[in-house]
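Below, chains carry the letters A, B, ... as their sequence lines are ordered, and counting in each starts from 1.
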Number of protein chains: 2
Amino acid sequence: MARATIKSIAKKTGYSVGTVSNALRDAPSVKQETRDEIHKAATALGYRVNLDGLKLRTNKSYRIAVLVSVSEDAAEEWEGVEFTRILAGISKAVQGSRYQLSVFSTSGDDTELKTLRSIVQEGLADGVIFSGTRVNDPRIAYLQAEAFPFVTYGMSSSDLPHAYVDLDSETAAYEATARLIGLGHRRIALINPPDDLVYALQRRLGYADALSKGALGFDPTLIATGPTTAETGQTAFAALMQLPKPPSAIICANEAMTLGALSAAAKQGVRVGQDVVVISNDDLKLSQYFVPPPSTYYLPIGETSRLLGEFMLQALAGADPSTIQKKIRAQLIERQPDTPPPEPAI
Amino acid sequence: MARATIKSIAKKTGYSVGTVSNALRDAPSVKQETRDEIHKAATALGYRVNLDGLKLRTNKSYRIAVLVSVSEDAAEEWEGVEFTRILAGISKAVQGSRYQLSVFSTSGDDTELKTLRSIVQEGLADGVIFSGTRVNDPRIAYLQAEAFPFVTYGMSSSDLPHAYVDLDSETAAYEATARLIGLGHRRIALINPPDDLVYALQRRLGYADALSKGALGFDPTLIATGPTTAETGQTAFAALMQLPKPPSAIICANEAMTLGALSAAAKQGVRVGQDVVVISNDDLKLSQYFVPPPSTYYLPIGETSRLLGEFMLQALAGADPSTIQKKIRAQLIERQPDTPPPEPAI
DNA sequence: CACCATAATTGAAACGTTTCAATGGTGGGG
DNA sequence: CCCCACCATTGAAACGTTTCAATTATGGTG
């Protein structure tokens with residue numbers, strides 16, 4: 001039994017192809033009565049629109065591109081753990097719509113812009129979702145210039161507003177820092193992503209803000225940066241503890257970095273929770289199993305990714321980018337008393 | 001500047017549309033000279049085939065479906081970490097071919113078969129890749145009955161041969177167990193995935209085989225099963241240590257389970273490496289950061305996923321399924337002296 | 001009743017591709 | 001010089017859909 005098409009519905013109902021097409025899309029030019037009849041016939045035949053014909057005619061791809069970037073050098077490292085969850089969330093959000101999800105894997109910055117170009121120029125997708133927004137992100141500039149719909153995971157500093165879903169990293173970093181200050185800590189370190197990432201910058205800002213509010217000086221040696229991997233956390237922790245005046249508390253940007261830091265601590269015999277406090281951001285319910293489990297700021301990845309999908313659909317429907325933006329607040333999960341520093345500095 | 005089409009090439013070169021089409025596909029019916037001329041014109045115009053027209057005409061989708069299943073209940077757990085890497089590998093393998101990657105997210109068994117059905121019946125893809133093969137997997141039976149190309153990550157016990165890439169779990173479990181026996185362990189536990197998964201069965205077999213070769217009895221209470229999450233590892237570890245005769249060594253199926261086990265150990269004050277030995281399988285270079293870092297069997301996920309993509313292309317080209325199968329051998333990574341049990345049992 | 005506006009429906013074209021029967025051209029054999 | 005076989009190319013149809021000008025049916029108005 002061949003697949004039902006508009007033509008087969010037309011034959012069965014006796015209407016013309018044009019009428020059936022219009023009826024199926026509930027065009028007002030078709031009499032209500034006729035519409036009902038055609039709809040009934042369509043479901044009876046199990047009609048499902050053929051996307052290829054549709055696409056060919058309308059020149060739309062009905063596809064949403066999701067960029068996943070796997071950096072060559074860090075391919076063997078633990079990166080992009082959250083991607084599965086993000087993808088699943090987006091997928092769920094667009095289920096039921098006509099759109100399909102296509103994954104484009106890229107490695108490194110260069111290919112990413114190139115991939116974007118071919119998506120736009122060859123019409124590989126109608127909209128694109130990507131993450132890792134950078135300061136003055138060329139991808140955003142390009143897509144805005146082309147008026148191509150997109151949603152980013154992570155806001156950016158571009159002039160024009162664009163659609164995004166973001167964790168409020170600045171507030172999260174501020175609160176984490178302020179809380180440690182409240183506990184009596186005076187030297188607080190930050191293990192941060194590379195500076196060209198927008199959210200790294202935001203974290204810096206929140207951190208610095210809390211320090212100054214707490215009347216503490218800003219010491220640049222207390223900030224370590226690197227890719228958001230366990231390896232970065234490990235080397236950064238080791239380096240920080242070798243400072244003439246090591247920190248009494250360390251804030252890691254995500255769970256991978258935290259894992260690396262805890263690993264380094266164990267190797268060096270540094271007792272986490274006593275000699276030094278380690279806390280994490282971007283909790284995906286994994287760090288609860290770390291040894292010892294750190295206090296964290298929870299990232300509701302389910303809601304976040306669902307929003308990404310919904311925003312994409314809205315963007316495709318032509319919504320004003322400035323109306324489809326959302327900052328998500330991270331929530332503190334206390335897993336440790338998070339003791340004050342060894343020698344209360346007063 | 002509109003996109004170049006066959007028609008525009010035809011106009012430019014003076015040949016007919018049919019000739020251009022044939023020439024572009026290097027049909028022997030077109031004179032070599034003409035072919036060259038047309039190819040030159042095509043590249044000059046930057047011609048890229050329009051998949052929609054192609055698909056409409058040929059009734060092929062030129063798409064490869066990748067199923068990602070996110071179980072509803074475990075949505076908040078750490079599952080499918082490796083998926084990003086798998087996806088990236090597949091993506092790289094099919095780059096350059098005409099095929100595109102589409103992700104279909106499913107939740108649970110039921111929807112998975114349903115998703116598969118709609119992929120086959122609606123022609124959403126030409127082939128499909130999925131994992132988590134089960135004993136008597138209905139998905140495999142269905143796809144074989146429909147003669148629909150597919151590759152699985154994980155072999156299965158179906159009658160007919162099918163294309164797969166798999167880690168040799170049986171050997172890995174055998175070697176892990178045998179090694180522990182060699183170190184003097186007499187009570188060795190297994191934290192394993194649910195029994196309906198093929199590779200869980202394989203692990204059981206390898207484990208049991210090593211036990212009998214080592215003249216050790218098989219104690220069913222030493223096998224704990226559950227989803228491959230940290231939570232499973234945690235509860236299983238706790239339960240195992242409460243046995244009247246607890247194990248002196250524990251083999252976890254993957255890193256997530258290992259993480260959970262280590263977490264439970266830390267909570268209960270059990271000293272890993274002294275009171276009990278914990279080792280892991282399916283190492284993705286993450287467990288090296290665990291506390292303490294366990295010995296593991298490395299899973300070359302890069303090669304694995306690349307093969308998945310290549311096999312899919314071969315399957316789509318009509319290759320005999322029995323020729324596109326591969327078992328990958330895991331490699332031991334020693335991170336601990338892995339001391340013998342506390343009281344050498346003799 | 002003639003006319004016209006409106007409502008409903010039709011028919012054909014178009015999107016870019018492949019496929020295949022039909023056409024025209026070339027050369028060789030008799 | 002004719003016929004035939006062969007080679008290269010053409011033209012048109014088809015895939016399933018949308019779109020839009022053209023057509024027909026339906027009432028309402030003067």
Side-chain angles (χ1 to χ4, degrees), chain A residues 1-39 41-42 45-63 97-100 121-126, chain B residues 1-39 41-43 45-63 97-100 121-124 126:
Chain A
M1 48 157 188
R3 188 145 160 221
T5 81
I6 287 194
K7 205 187 283 183
S8 64
I9 298 179
K11 196 174 294 174
K12 179 175 178 186
T13 59
Y15 289 101
S16 76
V17 171
T19 305
V20 173
S21 172
N22 286 326
L24 288 175
R25 278 169 301 133
D26 282 319
S29 70
V30 180
K31 202 174 24 167
Q32 184 61 52
E33 200 180 339
T34 322
R35 266 191 263 173
D36 295 343
E37 184 186 349
I38 289 178
H39 270 124
L45 290 175
Y47 172 78
R48 294 258 329 196
V49 67
N50 179 320
L51 279 182
D52 296 325
L54 179 60
K55 281 143 75 164
L56 183 57
R57 174 64 225 232
T58 59
N59 203 25
K60 287 188 60 175
S61 75
Y62 289 99
R63 198 171 306 147
S97 80
R98 274 184 170 179
Y99 289 92
Q100 295 189 326
Q121 287 170 1
E122 294 175 30
L124 264 33
D126 299 327
Chain B
M1 47 156 190
R3 185 141 163 226
T5 83
I6 286 195
K7 206 187 283 183
S8 64
I9 297 179
K11 196 173 293 172
K12 181 175 176 189
T13 59
Y15 289 102
S16 75
V17 171
T19 305
V20 173
S21 171
N22 285 325
L24 288 175
R25 277 168 302 134
D26 282 320
S29 70
V30 180
K31 206 177 17 169
Q32 184 61 50
E33 201 181 339
T34 322
R35 267 191 259 171
D36 294 343
E37 183 186 350
I38 290 178
H39 270 122
T43 51
L45 289 175
Y47 172 78
R48 293 260 326 197
V49 67
N50 178 318
L51 279 181
D52 296 326
L54 179 59
K55 280 144 72 166
L56 182 57
R57 174 64 225 232
T58 60
N59 202 27
K60 287 189 61 175
S61 74
Y62 288 98
R63 199 172 304 145
S97 80
R98 274 184 169 176
Y99 289 91
Q100 295 189 325
Q121 286 170 1
E122 294 174 30
L124 264 35
D126 298 328

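Remark: A/S21 is in phosphate contact with D/dT18, judged by side-chain N or O atoms under 4.0 Å from OP1 or OP2. At least one side-chain nitrogen or oxygen of B/Y47 sits closer than 4.0 Å to the OP1 or OP2 atom of C/dT17. The side chain of A/T34 places no N or O atom within less than 4.0 Å of a non-bridging phosphate oxygen (OP1 or OP2) of C/dA8. Listed pair A/K7 / D/dC15 meets the phosphate criterion, a side-chain N or O lying under 4.0 Å from OP1 or OP2.
If you check every strand for non-hydrogen atoms under 4.0 Å, B/G123 touches nothing. Using a 4.0 Å heavy-atom cutoff across all strands shown, B/D52 reaches no nucleic acid atom at all. Within 4.0 Å of B/N50, counting heavy atoms only, lie sugar-phosphate atoms of the nucleic acid but no base atom.
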| request: Using the side chain to side chain contact (heavy atoms under 4.5 Å, CB included) rule, take A/Y15 and A/V30 through it: C-alpha gap first, then chi angles, then the decisive distance, then the call. | output: CA-CA 11 Å; A/Y15 289 101; A/V30 180; over 6 Å; no
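Atom NZ of A/K60 and atom P of D/dT19 are 11 Å apart (whole Å). Residue A/I9 contributes atom CD1, which lies 12 Å from atom C1' of D/dT17 at whole-angstrom precision. What separates NZ of B/K55 from P of C/dC15 is a distance of 19 Å, to the nearest Å. Protein atom CZ of A/R57 is 11 Å distant from nucleotide atom P of C/dG16, rounded to whole Å. Rounded to whole Å, atom C1' of C/dA7 lies 13 Å from atom CZ of A/R35. Separating the CG atom of B/L56 from the C1' atom of C/dA14 is a distance of 12 Å, rounded to the nearest angstrom. A/N22 places its CG atom 13 Å from the P atom of D/dT17, with the value rounded to the nearest Å. Atom-to-atom, CZ of B/R25 to C1' of C/dG16 comes out at 12 Å; the value is rounded to the nearest Å.
Between B/T58 and B/Y15, the one whose closest nucleotide on DNA chain D sits nearer the 5' end is B/Y15. In this structure, A/T19 and B/V49 both approach DNA chain C, and ranking their closest nucleotides by distance from the 5' end singles out A/T19.
Annotation: side chain of B/R63 is not in contact with side chain of B/L51 (no heavy-atom distance under 4.5 Å).
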